[in-house]
Amino acid sequence: MLLITLGTLLTLINAAGVVLVLFQLPGCWLIVAATAGFAWATWDHGVIGWLTIASLFALAILGEVLETALAGAASRKAGGTRRGAVLAIIMGIPGAILGSIFIPIPIAGTLIGAALGAAVGSFLGDLTARRPLPQATRAARGAAIGKLTGSAAKLLIAIVMLTVTTAALIL
């Protein structure tokens with residue numbers, strides 16, 4: 001009975017981790033930590049092994065890399081500078097925070113803010129690198145699309161992580 005209760009609690013915590021990813025928060029890492037804690041607490045029962053934990057860890061790293069890199073890569077692909085790409089990555093974070101505050105629509109405000117932050121970062125980086133306005137604008141649009149794509153990829157990875165842990169509990 002205790003294993004069922006703990007497994008249910010783990011599933012709820014991991015589902016909350018997926019929701020946190022929507023808010024640009026470290027939900028994938030919550031999934032890794034909660035599942036590792038569950039595995040440690042129930043190790044004698046052999047419910048979840050270290051291979052599952054290692055897989056979740058690798059998926060969380062992949063999610064972070066994709067989310068971070070896609071905004072900068074899309075900016076560069078659209079003709080932006082390296083400076084613009086770096087600023088797109090950096091400015092996505094305060095953009096998400098400001099979007100959550102000033103666009104009081106749950107999840108949408110955060111994502112819009114993150115995309116706008118990436119666009120502003122890319123735009124400013126390209127302007128300070130003396131890129132023409134049309135090119136800086138094109139790169140900023142690319143950064144915004146890349147940030148949204150990266151966020152979607154990380155969300156998909158979080159859902160996969162939830163599925164992996166749920167399958168490990170059932171099987």
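Computed over heavy atoms, backbone and side chain alike; hydrogens, waters and symmetry mates excluded.
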Check your understanding: What pairs with Ile159 under side-chain contact (heavy atoms from CB on, under 4.5 Å), at least two apart in sequence or on another chain?
Key -> Val18, Leu155, Thr163
Review point. With sequence neighbours excluded, what pairs up with Thr11 under the side chain to side chain donor-acceptor pair (under 3.5 Å) test?
Key: none
Check your understanding: Hey, any chance Ile31 and Ile13 share a hydrophobic cluster, counting ILVMFWY side chains that come within less than 4.5 Å of each other, even indirectly?
Key -> yes
**Study point:** Donor-acceptor pair, side chain of Thr165 and main chain of Leu162, under 3.5 angstrom
**Key:** yes
Review point. Do you reckon Val19 sits in the same ILVMFWY cluster as Ile112, going by side-chain contacts under 4.5 Å, direct or chained?
Key: no
Check your understanding: Is it the case that one hydrophobic cluster holds both Ile89 and Leu70, taking links as side-chain heavy atoms less than 4.5 Å apart, direct or via other members?
Key -> no
**Study point:** Flag side-chain contact, heavy atom, 4.5 Å: Val164 against Thr35
**Key:** no
Check your understanding: Quick one: hydrophobic cluster around Trp40, which other residues, with the 4.5 Å side-chain cut-off, linked directly or via members?
Key -> none
Review point. Given the rule that I, L, V, M, F, W and Y join up when any side-chain heavy atoms are under 4.5 Å apart, are Leu127 and Ile90 in one cluster?
Key: no
**Study point:** Selection residues 139-162 - residue pairs positive for salt bridge (charged side-chain N to carboxylate O under 4.0 Å, His left out), sequence neighbours left out
**Key:** Glu64-Lys154, Glu67-Lys147, Glu67-Lys154
Check your understanding: Just how far is it from atom CD1 of Ile157 to atom CG of Leu56, taken to the nearest 0.5 Å?
Key -> 12.0 Å
Practice item. State, to 0.1 Å, how close Gly121 and Met91 come at their nearest heavy-atom pair, and which atoms those are. Key: CA-CG, 3.6 Å
Exercise for review: Could you tell me whether the side chain of Thr52 reaches within less than 4.5 Å of the side chain of Phe57, counting heavy atoms only?
Suggested key: no
Review point. Taking the hydrophobic residues Ile, Leu, Val, Met, Phe, Trp and Tyr, and joining any pair whose side-chain heavy atoms are under 4.5 Å apart, which ones share a cluster with Val120?
Key: Leu124
Point to revise | Same apolar cluster (I L V M F W Y, side chains within < 4.5 Å links), Leu98/Leu111 | key: no
Practice item. Please identify each residue that fulfils side-chain contact (heavy atoms from CB on, under 4.5 Å) with Ala60, with sequence neighbours left out. Key: Cys28, Trp29, Val32, Met161
Point to revise | Any donor-acceptor pair under 3.5 Å from Thr42 side chain to His45 backbone | key: no
Point to revise | With sequence neighbours excluded, residues passing side-chain contact (heavy atoms from CB on, under 4.5 Å) with Leu87 | key: Arg83
**Study point:** Donor-acceptor contact present, side-chain Ser75 to main-chain Ala71, <3.5 Å
**Key:** no
Got a list of side-chain donor-acceptor pairs under 3.5 Å for residues 100-109, not counting sequence neighbours?
unit_1, atom_1, unit_2, atom_2, d
Ser100, OG, Ala96, O, 2.9
Ser100, OG, Thr110, OG1, 2.6

Review point. Cluster partners of Ile4, using ILVMFWY side-chain heavy atoms under 4.5 angstrom, listed by chain and number?
Key: none
Exercise for review: Go through the structure and list residues passing side-chain contact (heavy atoms from CB on, under 4.5 Å) with Ala88, not counting sequence neighbours.
Suggested key: Ala118, Ser122, Ala143
Review point. Quick one: hydrophobic cluster around Trp43, which other residues, with the 4.5 Å side-chain cut-off, linked directly or via members?
Key: Leu2, Leu3, Leu6, Leu10, Phe38, Val47, Ile48, Trp50, Ile53, Leu169
Practice item. Write out all pairs satisfying salt bridge (charged side-chain N to carboxylate O under 4.0 Å, His left out) with one or both partners inside residues 122-138, taking only residues at least two apart or from two chains. Key: none
Practice item. Search all heavy atoms of Gly125 against all heavy atoms of Thr81 and return the closest pair with its distance. Key: O-OG1, 3.9 Å
